[in-house]
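In what follows, every heavy atom counts, from backbone to side chain, and hydrogens, waters and symmetry copies are set aside. Letters A, B, ... are given to chains in the order of the sequence lines, protein chains preceding strands, and every chain is numbered from 1.
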There are 2 protein chains.
Amino acid sequence: MEYKKQVQRLIQEFKTDFLPSVSVDLVIFGFHDGQLKVLLLRWKNTEDWCLPGGRIRHEESLDDAAYRSLHGRTGLTEIFLQQFHTFGDTRRYVHFSQEQTMLRLGLAEEDLQEFSNRDVSVGYYALVEFANVVPTPDFFTDECRWWDINQVPPLLFDHNDMITLALKTLRRQLTYQPIGYNLLPEKFTMPDLQQLYETILGQSLDRRNFQKRMLGYDILERLEERKTGGAHKAPYLYRFDKEKYEKALADEILFVG
Amino acid sequence: MEYKKQVQRLIQEFKTDFLPSVSVDLVIFGFHDGQLKVLLLRWKNTEDWCLPGGRIRHEESLDDAAYRSLHGRTGLTEIFLQQFHTFGDTRRYVHFSQEQTMLRLGLAEEDLQEFSNRDVSVGYYALVEFANVVPTPDFFTDECRWWDINQVPPLLFDHNDMITLALKTLRRQLTYQPIGYNLLPEKFTMPDLQQLYETILGQSLDRRNFQKRMLGYDILERLEERKTGGAHKAPYLYRFDKEKYEKALADEILFVG
DNA sequence: CCAAAAGTGTTACCCGTACACCCATGC
DNA sequence: GCATGGGTGTACGGGTAACACTTTTGG
C-alpha cells in the first residue's frame with residue numbers, strides 16, 4: 001500500500017503546486033535508422049499509450065515546464081523545443097472517461113474527478129538526437145519507448161491529432177528554417193542530412209541539388225573523410241556552424257523545401 | 001454600491017463557471033484609411049490600455065471562448081480567427097502587481113488575490129472588416145476603440161509582445177495563404193487590396209506584378225467599374241470567390257510574398 | 001490639356017530542376 | 001572488375017522582378 005500512499009501524495013501535490021486546468025504535452029521527434037520516431041509512454045497496468053506531458057508549477061514559466069518534462073523523459077538538457085498549438089477542444093477527453101484505465105492506475109474513485117477534469121493543453125514539439133536519449137517512464141507509466149512515426153497506435157485523448165499537427169508544423173518549418181542541429185549527431189554526412197530531410201518531408205530529393213542548396217545556406221562546415229564502416233566511397237563529414245545556424249534560425253529567410 | 005455587488009457576482013462567477021489559470025487574449029486587426037488598426041480596451045477609471053480577452057467556460061472549447069469574446073467586443077459573427085501562440089511567462093504579471101490599477105476597478109483587497117493570480121493565456125488574432133465593427137467595452141472597461149498599429153501605447157501585461165507576435169504571424173501567413181476576405185469590404189479595387197498587402201508587409205510592391213499574382217491565384221472575380229468619388233481613371237471592382245478562396249486557404253500552397 | 005492614377009504586356013535574369021560523368025571502396 | 005554509392009558541373013526552363021506605354025478622369 002506504499003504505492004497508494006504515493007498516489008495520494010502526488011494528487012495532493014497536483015492540487016497545491018501546479019496550475020489547474022492547464023497541461024503541457026510533448027511530441028518528441030527522434031531520427032534513427034532512416035525513420036522518424038516519436039517517444040511514447042505506456043500507462044501502468046494498461047496497453048494504452050500516450051504522449052509525455054506535464055503540468056506547470058505556480059512559479060514556473062510555460063516553456064520551463066515543457067523543458068522540465070522533456071528532461072525527465074529523455075535526460076537531455078540542450079534541445080530544440082517549440083510550442084506549436086494549444087488544444088482546448090472539450091471532446092479531447094471523451095476517450096479519457098473510460099474509467100477502467102484510471103482505476104488500473106491505482107486511483108481511488110474519489111480521485112477520478114481530479115484526474116478527469118477537462119484541461120487545456122499546450123503542445124510542444126522537440127527535436128532530439130536519438131542516440132543521446134535515455135527513455136524514462138514517469139510515475140504513472142510502465143514503459144517509455146520510441147515508435148516509428150508511421151506505426152503509432154491509437155493513443156489516449158487527442159494525442160494522435162497532436163502528432164499529426166506537430167509533424168505538419170515541422171514540415172512547414174523546414175521550408176523557412178534550417179533543421180538538423182538537434183536531430184543528427186555532431187558530425188554527419190551529406191547523405192545523412194538528406195535522409196533526414198527526405199524522412200521528414202516524406203519524399204525523395206535530388207542528391208546534387210540537395211547538396212548545392214545546403215551548402216548555399218552557408219551553415220555547414222566540412223571536415224575530413226570518414227573511413228570506417230561504409231562500403232563504397234567515403235563521404236565527407238560535416239558539422240553545423242552553430243553561429244551561422246542560429247543566425248539563419250533567427251532570420252527565418254528563404255529555405256524553400 | 002450596486003456596482004460593488006456586481007463585481008462580487010462576477011468574481012463568484014469566475015470561480016464557478018470558468019476554467020482557472022487559463023485565459024484568452026485577442027489581437028483584432030482592422031484595416032482603415034490605409035492603416036492597420038488594433039482594437040484595444042481602456043480599464044475603468046484608468047488610462048491603462050490592454051487587449052480584449054476572456055475566460056473559458058467549463059463546457060466550452062477554447063476556440064468557442066475566443067469567438068465569444070470576439071463577438072462581445074465587435075458584434076461580429078463570421079470572422080477569421082486563429083490561434084497564434086500561448087503565453088506562459090511568469091513575468092507576464094509584473095506590470096499587473098501595480099495594485100492601484102486593480103483598486104480603481106472597484107475590487108476589494110481580498111479580491112486582488114483572485115485577480116492577480118498568474119494565468120497562461122492563449123493568443124488569438126482576428127481579421128475583421130473595419131466598417132462592420134461596433135467597438136463595445138465590457139464590464140471592467142470604460143472604452144473600446146481602434147488604435148493605429150504604429151501608435152499603440154504601452155499596454156498592461158505582455159500585450160505589446162502579443163501584438164508584435166500576432167503581426168509577425170500575420171505576415172508569415174501572407175506568404176502561404178490568401179488574405180483580405182475579412183479585412184476588406186465585399187467589393188474592393190485592386191489598389192485597395194494592394195494597399196492592404198503593403199500595409200501588412202510594411203513595404204511597397206510593384207503594381208503590375210501584384211495584379212498578375214493576385215489574378216493568378218484565381219480567387220478574385222472582376223465586376224464592373226466604380227465611378228463615384230475617385231478622381232482619375234476608375235478602377236475595376238473585385239470580389240472574392242468564396243469557394244475558391246476557401247480552397248486556397250485549405251491548400252496552403254505557394255503564395256510567396 | 002495636363003497631372004495623377006489605373007489597365008495592360010514584354011523582357012531579362014535568377015534560381016530551381018533535370019541530368020551525366022568521374023571517383024572511391026568492398027566483395 | 002564490377003556494383004554501389006558519393007563528389008562535382010552544366011544546361012534548360014519557368015517564374016518572378018524590372019520596366020514603359022496607353023487610357024481615363026477631374027480640374
Side-chain angles (χ1 to χ4, degrees), chain A residues 33-34 171 174-178 180 184-185 187-199 201-239 248 251 253-257, chain B residues 33-34 171 174-178 180 184-185 187-199 201-239 248 251 253-257:
Chain A
D33 219 12
R171 280 183 180 152
L174 211 57
T175 68
Y176 60 86
Q177 286 191 338
L184 293 171
K187 298 174 183 181
F188 53 90
T189 68
M190 195 58 77
D192 289 340
L193 185 61
Q194 179 171 350
Q195 199 183 28
L196 171 64
Y197 269 71
E198 289 180 340
T199 304
L201 291 173
Q203 59 179 297
S204 57
L205 303 168
D206 183 276
R207 202 161 49 89
R208 301 152 283 204
N209 295 332
F210 180 81
Q211 166 144 325
K212 246 179 298 176
R213 234 177 63 214
M214 287 301 142
L215 294 180
Y217 295 156
D218 191 30
I219 53 172
L220 293 176
E221 185 185 350
R222 178 185 275 190
L223 310 175
E224 328 77 56
E225 297 259 317
R226 105 181 185 196
K227 31 194 174 288
T228 62
H232 322 302
K233 185 170 181 176
Y236 286 106
L237 282 174
Y238 292 86
R239 174 167 50 193
D251 288 357
I253 15 170
L254 44 137
F255 291 95
V256 178
Chain B
D33 219 13
R171 280 184 179 150
L174 211 57
T175 68
Y176 61 86
Q177 286 190 336
L184 292 172
K187 299 174 182 181
F188 53 89
T189 68
M190 195 59 78
D192 289 340
L193 185 60
Q194 179 171 351
Q195 198 183 30
L196 171 63
Y197 269 71
E198 289 180 339
T199 304
L201 290 173
Q203 60 179 294
S204 57
L205 303 168
D206 183 276
R207 204 160 48 87
R208 300 153 284 204
N209 294 332
F210 179 80
Q211 167 144 323
K212 247 178 295 176
R213 235 175 63 212
M214 287 302 142
L215 294 179
Y217 296 157
D218 190 32
I219 54 173
L220 293 176
E221 185 184 350
R222 176 185 279 190
L223 310 175
E224 329 76 56
E225 297 260 318
R226 108 181 184 198
K227 33 193 174 290
T228 62
H232 322 304
K233 186 169 181 175
Y236 286 105
L237 283 174
Y238 292 85
R239 174 166 52 193
D251 288 356
I253 15 172
L254 45 137
F255 290 94
V256 178

Kindly give the heavy-atom pair with the smallest separation between [X] and [Y], and that separation in Å.
X: B/Arg207; Y: B/Gln194; value: CA-OE1, 3.6 Å
X: A/Leu223; Y: A/Arg239; value: CD2-NH2, 3.5 Å
X: A/Ile219; Y: A/Pro178; value: CD1-CB, 3.6 Å

Report the distance from atom [atom1] of [X] to atom [atom2] of [N], rounded to the nearest whole Å.
X: A/Tyr197; N: C/dG16; atom1: OH; atom2: P; result: 14 Å
X: A/Leu205; N: C/dA18; atom1: CG; atom2: P; result: 11 Å
X: B/Glu198; N: C/dA5; atom1: CD; atom2: P; result: 13 Å
X: B/Phe210; N: D/dA18; atom1: CZ; atom2: P; result: 16 Å

Practice task
Dump the intermediate steps for side chain to side chain contact (heavy atoms under 4.5 Å, CB included) on A/Phe210 and A/Glu198, then the final yes or no.
Solution key: CA-CA 10 Å; A/Phe210 180 81; A/Glu198 289 180 340; over 6 Å; no
Practice task
Report yes if the side chains of A/Met214 and A/Tyr217 come closer than 4.5 Å at any heavy-atom pair, otherwise no.
Solution key: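 Yes. Closest side-chain heavy atoms under 4.5 Å.
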Problem - Minimum side-chain heavy-atom gap B/Tyr238-B/Leu193 below 4.5 Å - result: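 Counting from C-beta outward, B/Tyr238 and B/Leu193 never come under 4.5 Å.
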Completion exercise
In 5'-to-3' order, the base (B), backbone-only (S) or no-contact (-) status of each nucleotide in nucleotides 1-9 of chain D, using a 4.0 angstrom heavy-atom cut-off, is ---BBBBBB
